[in-house]
Protein chains: 2
Amino acid sequence: MKSTIYDVAKAAGVSIATVSKVVNQTGNISVKTRERVLHIMKELQYQPSVVASALTGKKTSTFGLLISDLANPFFAEVARNLEDQAQAAGYSIVMCSTDNKDDKGLNYISLLQRKQIDGLIVACQFSQWSLLQDSLNANFPVVLFSKDIPSLSMHTVTVDDYRGGYQAIQHLISLGHSRIGVVTEDSPSGDHRVRGAKQAMNDAGIAVNDDWIVKVKSSIEEGCEGAAHVLQRDTRPTALFTCNDLLAVGSMQSAQQSGLRVPEDLSIIGFDDTILSKIVVPRLTTISQPIQEMAKETVQLLLRQSDTPDMPKQKIVFQPQLVEGLSTQPLQAK
Amino acid sequence: MKSTIYDVAKAAGVSIATVSKVVNQTGNISVKTRERVLHIMKELQYQPSVVASALTGKKTSTFGLLISDLANPFFAEVARNLEDQAQAAGYSIVMCSTDNKDDKGLNYISLLQRKQIDGLIVACQFSQWSLLQDSLNANFPVVLFSKDIPSLSMHTVTVDDYRGGYQAIQHLISLGHSRIGVVTEDSPSGDHRVRGAKQAMNDAGIAVNDDWIVKVKSSIEEGCEGAAHVLQRDTRPTALFTCNDLLAVGSMQSAQQSGLRVPEDLSIIGFDDTILSKIVVPRLTTISQPIQEMAKETVQLLLRQSDTPDMPKQKIVFQPQLVEGLSTQPLQAK
DNA sequence: TTGAAAGCGCTAACAA
DNA sequence: TTGTTAGCGCTTTCAA
């Protein structure tokens, strides 16, 4: 049977209060008793129960992570980085894939609250974001990860999606491209990226062709279909900006099916710099997010909220970075 | 403030025992009081505390998952499937990436025990497996996932690695290959797969060339280097069996660097059928594991162990399946 | 059919 | 410096 604080107290000939104090390093305990208690604890392999201490109002040292789909390489990487940062702070993470379904997310939240988690990271989408807000207690620690939802008054850590889109297009333009298509994902981030993309075209005096902009669900298959729509037109773009790597991979497949070579006939630039972009041939040019830094800030933000429940909401925006691969090249003169 | 069982009891004019009974559907409660209590619960948005009920000896409805690296696509997929199955049973999962480090794993286990999880899934490696056994209470529910460790008396769910290796080689042989190299991972599974591979060669009367067998760490980079060792010899194999998809991708890169075309000059067959194998060009021929089924059995096994602590240890072995891609082809006559 | 009360393992005043 | 004790929110006998 597992030993409790009572067992330790009895064996050490002290009260449970004393044991509690040495465990938590609170109060004043003589070196001698501390040593003795510590020794007994080891002997009995005493492990303080997180459950019992949580019941008295202390932390569970657990965060919840609502994520779209753990099997998606981008989110898997996000999860891993968050886990690392949390672990460094003594926390563990309960992973919850919501598939971006509101009800799944809401169910998880309710369950997580019953489990008394100390904070929540939201890295999935909601179709009705207000439901998220409503299901959470006013000062419950939350951070929106990689989602910038203006209607929500919540701490947020994101990459500058707008700027990322802008950079992507800027890169294509610098290579001489002016006929640029866009395959985007139906999400707030996707929208921001596209806005940035359009702005870059405008700033360069390049016409935005709405026929070349398609919005799809985030998957390789849909990316492939979406790109096909654009590529099979009479006049097609010479370069494609896709709002994430999954769509980029799909677009590369579509190009191949259309007999177009990447990058000779079509340049493609993605977003996220996941493992996919690294193994695809040609290596994808893409926009990378500093996931590790973002994860670090996210955990810090969660931690600080526990101490300062009413701290002013803040939004931390990281700058994306262009990673040049082999999927883009200067426009060939015809 | 969150409402407790006392609030509900008071509002409903009953005792907390009664509320507890309607919540847990135990004992005999008149329809009338039940309805009333239920109604009040809704009104007060009462959420029973998992922490408090766990303290009285009930479950936390939480499993721990020790996994090598959540960012690895194969493990991410495993994690996702386990999460789905657990969720269907009302459980959530705490994810712990150990990077196959014993101390990391052990620390997590200790933490998880303090959190009173109801079961543990081990899908990572230990260099000293006995440490795992020692750190766990005798009848604590555990399942080894995709690791077959004979020295450990634990419930196990695996794919038949030996057979998978055998099938891979059989496939290559059926295509006419007889000069076959192997790039494997330093792990028990890897070893099983290689044993199966060698057996298949023996059975076909094909010589096993140990110079063509390299054992590396599981990563794209090491796969690339490992394959290079084999491919840069004076006489090189015409086909390569790699013990997982990461190594396969690395090997494909190595082949490319050596100016070898896949599959014209070199056939490559992988293992796992992850997303990587699907996006790589040419699409990888590989051996797939029925991850979903495996996840399902794993969760069932965990659940049953809670009910029947001393149930006889069992090992469930699933059959792998060949997935034909485009990275293998019949041996070309020279 | 309902309720009183003990207890789960721990924390935190408050006393001593 | 140490100990006593009252909870934390819930489950579960055992009585009523």
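Residue numbering restarts at 1 for every chain, and letters A, B, ... go by the order of the sequence lines. The analysis underlying the following values was restricted to heavy atoms, covering all of them including side chains, and did not include hydrogens, waters or symmetry mates.
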In whole Å, I'd like the distance from the [atom1] atom of [X] to the [atom2] atom of [N].
X: Asn24(B); N: dT13(D); atom1: CG; atom2: P; answer: 13 Å
X: Ile5(A); N: dG3(D); atom1: CD1; atom2: P; answer: 12 Å
X: Gln116(A); N: dC10(C); atom1: CD; atom2: C1'; answer: 13 Å
X: Leu44(A); N: dG9(C); atom1: CG; atom2: C1'; answer: 15 Å
X: Glu35(A); N: dT2(D); atom1: CD; atom2: C1'; answer: 17 Å
X: Met41(B); N: dG9(D); atom1: CE; atom2: P; answer: 17 Å
X: Lys2(A); N: dG9(C); atom1: NZ; atom2: C1'; answer: 11 Å
X: Asn28(B); N: dT13(D); atom1: CG; atom2: P; answer: 15 Å

Original post:
With sugar-phosphate meaning primed atoms plus P, OP1 and OP2, does Lys58(B) contact a base, only sugar-phosphate, or nothing at under 4.0 Å between heavy atoms?
Top reply: sugar-phosphate

What nucleotide among [options] has an atom nearest to a side-chain atom of [X]?
X: Thr18(B); options: dG3(C), dC8(D), dT11(D); value: dG3(C)
X: Ile16(B); options: dC10(D), dT2(C), dG3(D); value: dC10(D)
X: Lys21(A); options: dG9(C), dG3(D), dG9(D); value: dG3(D)
X: Ala17(B); options: dT12(D), dT2(C), dG9(D); value: dT12(D)
X: Leu55(A); options: dG9(D), dC10(C), dT2(D); value: dG9(D)

Original post:
Just checking, any donor-acceptor pair under 3.5 angstrom between side chains of Thr60(A) and Lys115(B)?
Top reply: no

Subject >> Upstream residue (5' side of DNA chain C) when Val50(A) and Gly27(B) are each assigned their closest nucleotide >> reply: Gly27(B)

Subject >> Check ion pair Arg80(B)-Asp69(A) (N to O, under 4.0 angstrom) >> reply: yes

Original post:
Want to settle it: does Val23(B) or Val14(A) sit nearer the 5' end of DNA chain D, counting the closest nucleotide to each?
Top reply: Val14(A)

Check this one for me: any side-chain N or O of [X] less than 4.0 Å away from OP1 or OP2 of [N]?
X: Thr33(B); N: dT2(C); value: yes
X: Tyr6(B); N: dG7(D); value: no
X: Ser30(B); N: dT2(C); value: yes
X: Ser15(B); N: dG3(C); value: yes
X: Ser20(A); N: dC10(C); value: no
X: Ser53(A); N: dC10(C); value: no

Subject >> Nearest heavy-atom neighbours spanning Ile291(B) and Phe74(B) >> reply: CD1-CE1, 3.7 Å

Original post:
So Thr156(B) and Asp148(B), side chain to side chain donor-acceptor pair (under 3.5 Å) or not? Walk me through it.
Top reply: CA-CA 7 Å; Thr156(B) 304; Asp148(B) 186 6; 5.1 Å; no

Original post:
Quick check: are there more than 12 heavy atoms from other residues, nucleotides or ligands sitting under 6.0 Å from NZ of Lys313(B)?
Top reply: yes

**OP:** Determine whether more than 12 heavy atoms belonging to other residues, nucleotides or ligands lie under 6.0 Å from atom CD of Gln292(B).
**Re:** no

